[in-house]
Amino acid sequence: MDLVQVFGMTGKVAVVTGAGSGIGRAVAEVLGAAGARVVVADLDGEGAEATVAGVEKDGGQAVARQVDVADPAAVEALVDGTVSGLGRLDVLVNNAGIMIRRPLAEVSPDEFDRVLSVNLKSILYGCQAAARVMRPGSSIVNTLSTIIDFATPGTGSYAATKKGGEALTRTFAVELGPRGIRVNGVAPGWTDTGITRQRHVDAAGGFQQSGFDELAGRMATAAPLGRIAEPVDSAHAVLYLASEAGRCVTGHVIRVNGGASMA
Ligand SMILES: NC(=O)c1ccc[n+]([C@@H]2O[C@H](COP(=O)([O-])OP(=O)(O)OC[C@H]3O[C@@H](n4cnc5c(N)ncnc54)[C@H](O)[C@@H]3O)[C@@H](O)[C@H]2O)c1
């Protein structure tokens, strides 16, 4: 058995959104190390270029694209440009996301619209564009969150997008399965990235390390494995779902959270 071939991505082309930082960056690095040519898409062009440099340092191939995933025309252009430039699209990872932390009773219409657009509508636009060009054997992975299993104060609008993303994942899986296109989700637990660090930046822009460390410790204690996830843990789950290794899995959500929730 050749496990390098089963998990390998040589000859494949992958688009990863939100790959200029955090979990998306780790996904781009892992897919690139596995042999895929990776399109690193992010609103943050500098972050995307830094990810490309990291992929190339490991011997992989990547290009950066500045894209707002909330714009359906931009997502379509990202997918179409990938096919015209690199010849194919085998893997799409809809990973870009933002967090709005506010009690639901206080969330404004504009805030709610923005988080829906970036986290949820982007999954719809990405899957629609990919469905038009993907061939049998292709794979879509949507980054969801462990929040799909919990209700916590201040996270309702974010949770709505992730739970909605789970519904889109499952429905696209049944709609695209007959064409040989798989659609799955990865639900990370609390992970040290831009999103989780942002909460501990004070009004003056300083990072409150002690508060961050205290929360990270609580999150680790809450998980049966006694640890928090690292970005690469979710990236390895994406590789499994994107590669031939996951060929019989669709409509599934892998929880990468140390056992903090199970379903
Ligand atoms: N960090 C966690 O604890 C955690 C847990 C569960 C799920 N997630 C999910 O993981 C995904 C990645 O987040 P992260 O934790 O790596 O955070 P991050 O902030 O480090 O990375 C998010 C990236 O998305 C990009 N982005 C934001 N809006 C965008 C837009 N409109 N168009 C294109 N790119 C955009 C940002 O520029 C950034 O590079 C998100 O979907 C997030 O909801 C994170």
Side-chain angles (χ1 to χ4, degrees), residues 1-42 48-65 78-79 82-83 85-95 126-127 130 133-144 169 173 176-177 179-189 191 193 225 227 229-259:
M1 188 186 297
D2 185 349
L3 284 178
V4 171
Q5 196 176 336
V6 174
F7 284 91
M9 300 297 293
T10 302
K12 309 282 190 194
V13 171
V15 169
V16 185
T17 71
S21 173
I23 292 168
R25 173 171 287 170
V27 170
E29 289 172 350
V30 164
L31 295 180
R37 286 176 290 162
V38 185
V39 178
V40 174
D42 205 292
E49 293 290 356
T51 300
V52 167
V55 173
E56 289 175 342
K57 197 165 137 259
D58 280 349
Q61 295 179 56
V63 290
R65 294 283 178 268
L78 171 68
V79 166
T82 298
V83 175
L86 300 175
R88 53 195 291 153
L89 176 66
D90 303 282
V91 176
L92 171 65
V93 185
N94 289 307
N95 167 81
C127 292
V133 300
M134 277 181 158
R135 296 183 279 199
S138 302
S139 172
I140 299 172
V141 183
N142 300 320
T143 303
L144 305 174
T169 299
L176 301 182
R179 289 178 45 199
I181 302 170
R182 297 181 295 107
V183 188
N184 291 286
V186 166
T191 311
T193 68
L225 289 182
R227 53 166 298 161
E230 294 177 25
V232 75
D233 295 316
S234 291
H236 289 152
V238 172
L239 175 63
Y240 166 68
L241 293 170
S243 68
E244 189 67 10
R247 70 183 182 184
C248 201
V249 179
T250 197
H252 191 68
V253 178
I254 297 183
R255 287 156 170 80
V256 183
N257 61 17

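Pairing each heavy atom of Val253 with each of Ala187, the nearest pair is CG1-CB, 3.7 Å. Here the closest non-hydrogen pair linking Ala64 and Val52 is N-CG2, 3.6 Å. When all heavy atoms of Ala62 and Val40 are compared, the closest pair comes out as CB-CG2, 4.1 Å. Nearest approach of Leu92 to Gly126, heavy atoms of both residues: CD2-O, 3.3 Å. Across all their heavy atoms, Ile140 and Ala130 have their closest contact at CD1-CB, 4.0 Å. What you find for Leu239 and Phe7 is that their closest heavy atoms are CD1-O, 3.4 Å.
Arg182 places a side-chain N or O within donor-acceptor distance of the main-chain N or O of Gly246, the cut-off being under 3.5 Å. For the pair Thr191 (side chain) and Thr193 (backbone), a donor-acceptor distance under 3.5 Å is absent. Side-chain atoms of Ser234 never come within 3.5 Å of backbone atoms of Pro188 as a donor-acceptor pair (strictly under, hydrogens ignored). Of the possible donor and acceptor atoms, one in the side chain of Thr250 sits under 3.5 Å from a partner among the backbone N and O of Val183. The main-chain N or O of Gly60 is never found under 3.5 Å from a side-chain atom of Asp58 such that the two would form a donor-acceptor pair.
Proximity of Val39 to Val16: side-chain heavy atoms (C-beta onward) are nowhere separated by under 4.5 Å. Residues Val15 and Val93 fail the side-chain proximity criterion, which asks for heavy atoms closer than 4.5 Å. Residues Val30 and His236 meet the side-chain proximity criterion, which asks for heavy atoms closer than 4.5 Å.
With rounding to the nearest 0.5 Å, the separation of CG in Leu86 from NZ in Lys12 is 14.5 Å. Going from atom CZ of Arg25 over to atom CG of Asp42 covers 8.5 Å, rounded to the nearest 0.5 Å. The NE2 atom of His252 sits 7.5 Å away from atom CG of Asn184, with the distance rounded to the nearest 0.5 Å.
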Evaluate the criterion side-chain contact (heavy atoms from CB on, under 4.5 Å) for residue pair Cys127 and Asn142; output intermediate values, then yes/no. CA-CA 9 Å; Cys127 292; Asn142 300 320; 4.2 Å; yes

What do the steps show when you test Met9 against Val91 for side-chain contact (heavy atoms from CB on, under 4.5 Å), and what is the final call? CA-CA 10 Å; Met9 300 297 293; Val91 176; 3.5 Å; yes

Show, in sequence, the C-alpha distance, side-chain angles and deciding distance for Arg135 and Arg88, and conclude whether the side-chain contact (heavy atoms from CB on, under 4.5 Å) test is met. CA-CA 9 Å; Arg135 296 183 279 199; Arg88 53 195 291 153; 3.2 Å; yes

Working for side-chain contact (heavy atoms from CB on, under 4.5 Å), residues Val256 and Val186: CA-CA 7 Å; Val256 183; Val186 166; 3.9 Å; yes

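By the neighbour-count criterion of 12 heavy atoms within 6.0 Å, atom CZ of Arg247 is sparsely surrounded, having that number or fewer from other residues, nucleotides or ligands. Residue-environment remark: CD (Gln5) stays at or below the threshold of 12 foreign heavy atoms within 6.0 Å.
Remark: the Thr17 side chain and the Asn95 side chain contain no N/O donor-acceptor pair separated by less than 3.5 Å.
The existence of a salt bridge linking Asp90 and Arg37 is excluded, since no basic side-chain nitrogen approaches an acidic carboxylate oxygen closer than 4.0 Å.
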